[in-house]
Every structure is written in C-alpha cells, then in structure tokens.
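Data first, discussion second: the structure below is written as structure tokens.
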Amino acid sequence: MVASEMHPFAKTGGLADVVGALPRALATLGHTVDVVLPRYRGVAAGETASPLAVRLGAVMVETMTSEVADGPTRVILVDHPPSFDREFLYGPSSGDYEDNAARFALLARAALAWAARQGQRYDVVHGHDWQAGLVPVLLATEHADDVQLGHLPTVFTIHNLAYQGIFDASWAERLGLHPRALGTDAMEYWGRLSFLKGGIAFSRVITTVSPRYAAEIQTPEFGFGFEGVLTGRADDLVGILNGIDYDQWNPAVDPYLPKPFDAARLDDKAASKRALLVAAGLSPTQDALARPLVGIVSRLVAQKGFDLLATLGDDLGALDATFVVLGRGEAAFETFWRDLAAAHPDRVAVRIGFDEGLAHLIEGGADIFLMPSRFEPCGLNQMYSLRYGTVPVVRATGGLYDTVEPYNPATGSGNGFVFEDYTAEALVRTLRHALRIYRESSAWRRLQLAGMTRDCSWEASAREYVRVYERAAGGRTGA
Ligand code: ADP
C-alpha cells in the first residue's frame, strides 16, 4: 500500500484510520502488507536502509527510507526532510503547500523504487487517495515493461472525491511524466493535471469506502466533475464499508474513559458523561447530567454540515441539550461555535484543536452524536458512536446511510436518527425528535443496544478487499 496517512504515524482524518487498520485485518486473514508512508515531522525513523535515487523531471533526488513495524505490518518511511519535515501534512489552513505535486510524486516514485529493490514481486499494489494517485500511473506508463514492476495489478481507493490533487499542467515536465499519462483519458483535467484522475484511469479496480458513496459519486451532485470518469469505470468501481479498529475504539477497555462500560454495563457510561462535562469546563450538576449531551468531533468544514449548523444560529442554543464540540477547520465555523459557547457558557463548550483523548471521551460521554454531513464517503465517528452507545443523528448520505438505521417509533427498530434533505429545518426537526426520544428511557436503551451490537469490525471489510485484490490480480493472490 502507498498512502499519505496511517494511524498512529500521521493523521488528519479517516484515511489514517483505514490505513492503520486494514493491513492488520488482512494479516489476520493470512496476508502480508507493506505500507509506504512519508516520514513527516515527529515520526521516529526506524532501521535505515541504503538511500534511493528518485528522478523528478530533470532533478535526481536522493531520499532515505527506514523501516518500522506496526504490529504485523512493515511500514516503510520515505525520509526526505525538505519535502516532509514540515509543520503540516498538506499545508496550513490558509492553503496547500505549493509543491504538493512534487512531494507526493516523490512518495510514489520512492515507493516504486523501494518495491523494485525487494527480492520478491508483490501480488498487488494498493494506492489511497490522490496523494498515491501517481502509483498506478507510473506503473502503467514508465514501468510497464519492468521485470520487477511491470504489469503489477493495481487497486486504488477513493476516500474522499472532494480532494482531487489538481495541479498546473506545467508539473508534467517538472515531474517527468510519461506522455501517455497526460491524455484526456488519463490525468488531463480541464487543462490541468489531476493525480486522482490518474489513479482512477490506470487502476484495475477502484474502490471507495461505502456502497452508497460508490453510487453517489457517479451523479453530478456528488461527482465533483468526476461523475463521467467514474460512470465510465462503473463496472470496476466497488464500495466497501470501512470497519473500525476495535482495539482502539472499545468502551470496555478505552484508557481515555474514567470507567469502562459495555452493553452489559451501560449504566457505567454515566461516569464518562460526568468526566466529559468536567473536561469541557461545564459543571456536572444534576441538571447537566440529566440533560441530553450532544457531541461533535469533526473537521469544521462545510462538507460536515457546519454551514447548516451555522445558519441555525441561536436555535441550537434554544434546544434542551448540552453541546460539546471538538474540531478545527474553517475560521468562520470556529468563530460560530466560539460565539455560541460564549452566549451559553453553561450548555455549549467548544474545543478548537485536534485531541485524540477528548475525541474518545466525547464518544464515551455524549448521549447523541451529531453528523449532519452534506456528503460522507464512509464516516467513522458514527460507527464509533454506535459502539459507545452514543446514538447518532445523521444525514442520509454515503456511509452514514449505510450504517445508521433510522429509528422506527412503531416497531422500536433502528440505531439512530436520519434526515434526508440537506436543510437546517430537517436537521433541527430530527435533532428535536432524538431529544424527545431520549426522555423515553426504554426506547433509548433499545437504540443504544442496537448500535452497540452492530458488527462494525474490519474482518468482513478485509475479506471484501481480498476479493478485490484477487479480482485485480486475475485470481493470482492467495494467502
Ligand atoms: P474525515 O476523514 O472526513 O475527516 P471520518 O469520520 O472518516 O471523517 O474520520 C475522522 C477521524 O478523525 C475520526 O477518527 C475522528 O475521531 C478524527 N477526528 C476528526 N477531528 C478530530 C479532532 N479535532 N480531534 C480528534 N480527532 C478528530
């Protein structure tokens, strides 16, 4: 695998969780996975191998690699400090680094140079998102006739179609891309170059992270201009729901929770609610403990529904609920939540930042998890919420649609609350419904237990990936 993020080495979002967990799940099924990842600032180097010389256009770049183990997975860190020893993975919030095309071309070329140096051939190469988009491109063009790398089957996963790795056409020469990589059936995208389009065009099988999202991205509403490209590959496009890492996300053993709980000890979840209120700077009064607590852990961007929440303004503050929000992102949304917290210091708390411990405590201590995304390829937090007995309120899109089953008052079935229309009214109506049902303790308990017993493990997903690898390899893979 080649990726730009992998938990616990480097993470900005769900991609890291997937690349952290899928190789382990594949190992359990008897497969061996090596992951190539940039060595960003703060990532400790492992055992150093001899340097690799990598060509970027007219320039030869010497890069080091080192190896570390992550459980059964071998992780190869591409160590080129001018490219990767920086404050951010992709750039500050004001914009991406200007040389991202070169940084991730370096990752792709270094990964292939490293693979070529190994004694054995790989069965399949799996690239994740645009940052690894050049891997299938390079394999199908400049490496097509190599003994070691030629005809390696490729699988490419789209974790989020909104990020397309689009760069000025002049990068073609600076990166030394093969003419065949540049056509309209390849990386060319409205006069520019897209690493994502290259990954899609040159991979044998394309996957994305939920069945619903696989269908959605073939429509203009969700396709971001790629719907034509994807419809053209519809037969090779497969949606596989992400699992969640049950070692990391398990309320029965979670070290970030004050007291473990599970479906058999659900009353002990109250200790997490109290701890969360305290951690958020809210008093854990009887009132506060009885009032439903709505948690949010998210990138604060429009994709996640923060534009809808912002239009609700003080309607949120008027709800009979406590809000604890953790996230960072667009300044306007950060300001909205800061202002709301200032207006309701006893019931709204916001922490701007990235804080893994607090994320776990929110999943453990909240009653409701709110995820009103405009689009959501898979989404992990709603699955963590299900596991932690925190009832999700979500919009019916992508992986949210595939994992959250709407509560049916007539039968009591379901594991959460779902709204269809991307409007503030639909959101607030559904949130109000959830807040009402919260007061019906036996219905609520049933919702919690339905979520906690849903299988969100990686095992089933990993088996589906194996089938995809076998398909890409024409049946050659096998443990
Ligand atoms: P996306 O990848 O689009 O950001 P996902 O729901 O798939 O959304 O995954 C987000 C992951 O990042 C989850 O593991 C979530 O807990 C984590 N996360 C997001 N924001 C924060 C934050 N501010 N602090 C801690 N963890 C966060």
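All ligand and atom numbering here is 1-based and tracks the order in the structure. This chain uses plain numbering: 1 for the first residue, then up along the sequence.
The nearest heavy-atom contact from the protein to atom 24 (N) of ligand 1 is D355 N, 3.0 Å. Nearest protein heavy-atom neighbour of atom 16 (O) of ligand 1: N381 OD1, 3.2 Å. In terms of protein heavy-atom proximity, atom 6 (O) of ligand 1 is nearest to L380 N, 3.0 Å. Closest to atom 18 (N) of ligand 1 among all protein heavy atoms lies F354 CE1, 3.8 Å.
The shell of residues lying under 4.0 angstrom from ligand 1, judged by heavy atoms, includes K11. The closest approach between C378 and ligand 1 stays at or above 4.0 Å for every heavy atom of the residue. No heavy atom of H159 sits closer than 4.0 Å to any atom of ligand 1.
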Checklist entry - For L427 and L309, what are the C-alpha separation, side-chain angles and deciding distance, and is it a side chain to side chain contact (heavy atoms under 4.5 Å, CB included)? => result CA-CA 8 Å; L427 189 169; L309 291 167; 3.9 Å; yes

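Of all the listed residues (E376, R299, K304, H7), K304 holds the heavy atom that lies closest to atom 8 (O) of ligand 1.
Geometrically, ligand 1 and G14 share a nitrogen or oxygen pair separated by less than 3.5 Å. Geometrically, ligand 1 and D17 share a nitrogen or oxygen pair separated by less than 3.5 Å.
A centroid separation of less than 6.0 Å is found between the aromatic rings of Y465 and H126. The aromatic ring centroids of Y90 and Y97 lie 6.0 Å or more from each other. Aromatic pair H433/F417: ring centres closer than 6.0 Å. Ring centroid separation for the pair F167 and W130 comes in under the 6.0 Å cut-off. If you look at F224 and F375, their ring centroids are closer than 6.0 Å.
Contact atoms of ligand 1 toward G327: 23 (N) (distance under 4.0 Å to a heavy atom of the residue). Counting atoms of ligand 1 from 1 in the listed order, those under 4.0 Å from a heavy atom of G353 are 22 (C), 23 (N).
Between M371 and V404 the shortest side-chain heavy-atom distance does not fall below 4.5 Å.
No hydrogens or angles considered: a donor-acceptor pair under 3.5 Å links the side chains of E363 and S385.
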